[in-house]
Every structure is written in C-alpha cells, then in structure tokens.
Amino acid sequence: MPRRHKSKFKAHERRRQAKGEAQGCEDAQADAQAKAAAEAESTPSSAAQCEDTTQSVPTTGSSGASQRRRRRARAAAAAAAAAAAATSAAVPGPKSDEESNNQDEERVSPYEAPFYVERPGEDSLSRKPGLLEQYLLYKYKMKQPILKEDMLKIIGPNYEERFPEILKKAAERIEIVFAVDLQEIDSTRYDLVSKLKLPNNGRVRAGRGLPKTGLLMNILGMIFMKGNCAAEEDIWKFLGLMRVYPGRKHFIYGEPRKLITKDLVRLQYLEYRQVANSDPPRHEFLWGPNALAETTKMKVLQFLSKVNDTIPTAFPSYYEEALREEEERAQARGATGGGPTARVLIPSSVMARSIFPPLLRPEGSNPRDKIIQRRSKN
C-alpha cells in the first residue's frame, strides 16, 4: 500500500478510536447515573416507613382523630423525606455514618438558590413548609447558620406575610421526627437545638450529621411506659415499627445497635444491663443518669403525645405518674409559692385511642371521666 494511503488510513483509525473512547466514557457516565437513580429508588422511602408504622397501629377512635393522625404521619414522613434529601444533597453516594459526619469538603446546596421558582400548576403554599424543612435540615447537617433572609427567598415574595405560619409548620414536622427545637437567635438568625444535651447538638458523634435525639426520646418513652424498665426485645420490636433494625445501617442513625447499646450507654443516657439469673442471657434498658438529669417523664410524654397528635392526659396513669415526679422534683428543689400543679381531666369521649404502637397498650376510660360525663348530662 502506498505511504500516502497508509497515512490516511492510520489517521482515520485514530479518529475512529478517539470517537469510540469518548462514546464509551459517555455510556459509562450514563450507566453510573442510572445506577445511582436505581439505588435511590430501591431505598425504602421515609414516607413509606412512616405510613407502614401508621397502618400497623389499630385505630379505634373517631374518624376525625384518625384523619388528624394520618395528617401528622404524613407530616412526619415529609420531615424524614426532607432529611433524606438534605443528606443526599450534602453527601452524595453511599458512605458510612462516620464518613458522612466527618466529611470536610464543602458543596453547594440546591437549597441555597437565590430564589425559588414556582412550577405551573403546583400547590405552592402546601409545598413551602417542605422546602423550608429541606433548607433547615441541610443547614443543621452542614453546621451552617440559618438565615431568615434565605428562607424568605425560598418561599418567594408572594408568601412573605405568611412566613411565620409556614416556618411553624416546618419546625413542627422536624420536631416530631428529630426532637430538635427551632429557636430564634435574633431577628435575622435561627438555630435548631436538641431537646437533650447530646454531644455535638444531638449528632452524638463528631462532625456533621443529623440528630439522634428523636430516637432516644422514643426509647425513653418506651422505657417509661413499660414500667421504667424495658426488655431489649421489646425495644427492638418497637423500633422495628420505625424500620430501625439491629445490625442494619439506618440513613439517619447509622448502625442502631452500636448507637443504642454502646454510644448512648457510654454517654449515660441509657442503662443497659443483664437481667438477673437469665439463661440464656437477656438484657434490659433503663433511663441513664443524664436522661434523669436533663429531661422528665412529663417532657417525654408531651413529646410522644405531640408525635401522635394527642395530649398527655389521654393516658391518665402515665400522666399521673409524670405529674407526681414533677411535684417530687419541685419539692426536692425546695420550691415555694404556687400551689400544686393543676390536674386537667379530659373526658374519655375526646381522648385519642390506640395511638401508640400495639406494644404499648392504651389505657381504658378513667373512672373519674365517667363521673364528669354524668354530671355534664345532668
């Protein structure tokens, strides 16, 4: 073959090879994106978790109460979904909890866009709390300041007058899932603060991450309602309703067994001990010293009541026990002045029923409520 033809042939081969390599890179990138999307779809959604938990609880109350509980479950699902969105925005790709929390690399978040652009036909007002949830959780996770100016940009100028209402809804959804309170620092800044003084503002471990306080508050409530001492198997049954399983990594809590039986025990929020004379060995949980110092049965009962869209007096004996503890603490502090705490009695007809998982039996009617009902009829 003449040299001129050979040169043309080689040049053509090089161009074809370069084109093939470029196409291969594009195909590999597309495959990677498709794989990431498939993994995201295959991960059980937080909404599904909350819905499954709600459906597993028998509802024997009025239809109105059931609708309120479903709305509260959807709100909790939205907050957990916002947490998942904040997590994926902050740290893409599957990583361990420690890797996620200790990641120092800064990334630009989609929630830091200067203005929120509404899509035609969407119910804008109902979406605003969800947008603020994502923003608040992202800022919490990344340890960045929460600015009122940013949130006003997110909801848009048409809803500035309704900002307090929208922010309140977003804060309530986050509170019932993560047990953190939105606090106003000044007229321009806010902060999410853990209900308990867990290390790193509820994250437990060093670095960035989402709060573990909500899980701990649920466990403390379970211990309280099981007679101040709960068997380990009962705890895992209860957490299983939230799709939190021992040995299976959770997107918020990491490996739950280590968190509950090691970290929270080391931090003295839980006591984990072997049941005496048990063979094979069994274990049980109690409140630890720091839990006893930082919270009360009444606060835990109020948290669980809010999660389930009811009031503490819906469970009279638990409420009475929590109230006695409040009075004992007041006496121990040498409190003087005001009389004993008022005891509010709510008629059984308006109490929510079967709101806690089946593991926790709701109480029947309080006899004193029946007296109130008879008097009201007369």
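FYI, the numbering just counts along the sequence from 1. Nothing here was measured: the structure is a model prediction, and the numbers come from that model.
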Please determine whether side-chain contact (heavy atoms from CB on, under 4.5 Å) holds for the pair Leu192 and Ile146, giving the CA-CA distance in whole Å, both sets of side-chain angles, and the decisive distance to 0.1 Å.
CA-CA 9 Å; Leu192 287 171; Ile146 298 172; 4.1 Å; yes
Residue pair Tyr140 / Asp191, side-chain heavy-atom distance below 4.5 Å:
no
For Lys262, look at atom NZ and say whether over 12 heavy atoms of other residues, nucleotides or ligands are found less than 6.0 Å away.
no
Quick one: does any side-chain atom of Asn290 pair with a main-chain N or O of Leu267 as donor and acceptor, under 3.5 Å?
yes
Pairwise side-chain contact, Leu323 with Met298, heavy-atom cut-off 4.5 Å (strictly under):
yes
CG on Asn308 to CZ on Phe303, rounded to 0.5 Å:
9.5 Å
What are the two closest non-hydrogen atoms of Lys212 and Leu210, and how far apart are they?
NZ-O, 2.9 Å
Quick check on the hydrophobic clustering: are Leu292 and Phe224 connected, directly or via other members, by side-chain heavy-atom contacts under 4.5 Å?
yes
Under 3.5 Å, is there a donor on one side chain and an acceptor on the other for Asp186 and Thr188?
yes
Is it the case that Ser194 and Thr213 place a side-chain donor and acceptor less than 3.5 Å from each other?
yes
Cluster link Phe251 to Val180, ILVMFWY, side chain under 4.5 Å:
yes
Identify the two heavy atoms, one from Arg203 and one from Gly209, that lie closest to each other, and give their separation to 0.1 Å.
NE-O, 3.2 Å
Salt bridge (Lys or Arg N to Asp or Glu O under 4.0 Å) assessment of Glu184 paired with Arg189:
CA-CA 6 Å; Glu184 185 176 5; Arg189 295 180 300 154; over 6 Å; no
Give a yes or no on whether the backbone of Leu182 and the side-chain of Tyr190 come within a donor-acceptor separation of less than 3.5 Å.
no
Does Tyr319 have Arg324 sitting over its ring (NZ/CZ under 6.0 Å from centre, angle to axis within 45°)?
no
Asn200 and Lys143: side-chain contact (heavy atoms from CB on, under 4.5 Å), yes or no, with the steps?
CA-CA 10 Å; Asn200 201 8; Lys143 293 187 172 182; 2.9 Å; yes
Can you find a pair of side-chain heavy atoms, one from Ile166 and one from Leu125, that are under 4.5 Å apart?
yes
Can you see whether Thr296 engages Glu326 through a side-chain donor-acceptor pair at a distance of less than 3.5 angstrom?
yes
Between CG of Leu264 and CZ of Phe285, what distance do you get to the nearest 0.5 Å?
9.0 Å
Would Glu175 and Lys195 satisfy side-chain contact (heavy atoms from CB on, under 4.5 Å), going step by step from the backbone distance to the final call?
CA-CA 9 Å; Glu175 180 189 2; Lys195 288 182 179 292; 3.0 Å; yes
If only side-chain N and O atoms count, and only distance matters, is there a donor-acceptor pair under 3.5 Å linking Glu284 with Tyr272?
no
Under a 4.0 Å N-O cut-off, is there an ion pair linking Lys237 with Glu233?
no
Inter-residue atom distance Leu220.CG - Trp287.CH2, 0.5 Å rounding:
5.5 Å
Spacing of Met217 atom CE and Thr295 atom OG1 [to the nearest 0.5 Å]:
4.5 Å
Determine yes or no for a side-chain-to-main-chain donor-acceptor pair under 3.5 angstrom, with Asp309 supplying the side chain and Ser305 the backbone.
no
Do Arg248 side-chain atoms and Tyr245 backbone N/O form a donor-acceptor pair below 3.5 Å?
no
Quick check for you: to the nearest 0.5 Å, what is the distance between Trp236 atom CH2 and Met222 atom CE?
12.5 Å
So, do Val177 and Val307 sit near enough that their side-chain heavy atoms are less than 4.5 Å apart?
no
CZ (Arg127) and OH (Tyr159) are apart, to the nearest 0.5 Å, by 11.0 Å
Sort and list the pairs that fulfil salt bridge (charged side-chain N to carboxylate O under 4.0 Å, His left out) and have at least one residue in residues 293-304, not counting sequence neighbours.
Lys297-Glu321
Using only atom types and a distance under 3.5 Å, with no angle test, would you say the side chain of Tyr269 pairs donor to acceptor with the backbone of Lys197?
yes
Where Glu255 and Lys258 come nearest, the two heavy atoms and their spacing
OE1-N, 2.9 Å
Between Arg205 and Asp263, does at least one N-O distance fall below 4.0 Å, as a salt bridge requires?
yes
For Arg257, does its backbone N or O pair with a side-chain atom of Thr261 as donor and acceptor, under 3.5 Å?
yes
Who pairs with Glu165 by salt bridge (Lys or Arg N to Asp or Glu O under 4.0 Å), at least two apart in sequence or on another chain?
Arg162, Lys169
Tyr253 to Pro211 - nearest heavy-atom pair and separation
CE2-O, 4.2 Å
What about Leu259 and Val265, same hydrophobic cluster or not, with Ile/Leu/Val/Met/Phe/Trp/Tyr joined at side-chain heavy-atom distances under 4.5 Å?
yes
Which heavy atom of Ala170 sits nearest a heavy atom of Leu132, and at what distance?
CB-CB, 3.9 Å
Determine, step by step, whether Leu239 and Ile260 satisfy the side-chain contact (heavy atoms from CB on, under 4.5 Å) criterion, reporting the C-alpha distance in whole Å, the side-chain angles of both residues, the deciding distance to 0.1 Å, and the verdict.
CA-CA 11 Å; Leu239 295 180; Ile260 295 170; 3.5 Å; yes
Can you tell me if CD on Glu160 sees more than 12 non-hydrogen neighbours from other groups inside 6.0 Å?
yes
All heavy atoms of Gln274 vs all of Pro281, minimum pair found to be NE2-CB, 3.6 Å
What I'd like to find out is whether the side chain of Lys139 reaches to under 4.5 Å of the side chain of Gln144, using heavy atoms alone.
yes
Can you hop from Phe163 to Leu136 via hydrophobic side chains spaced under 4.5 Å?
yes
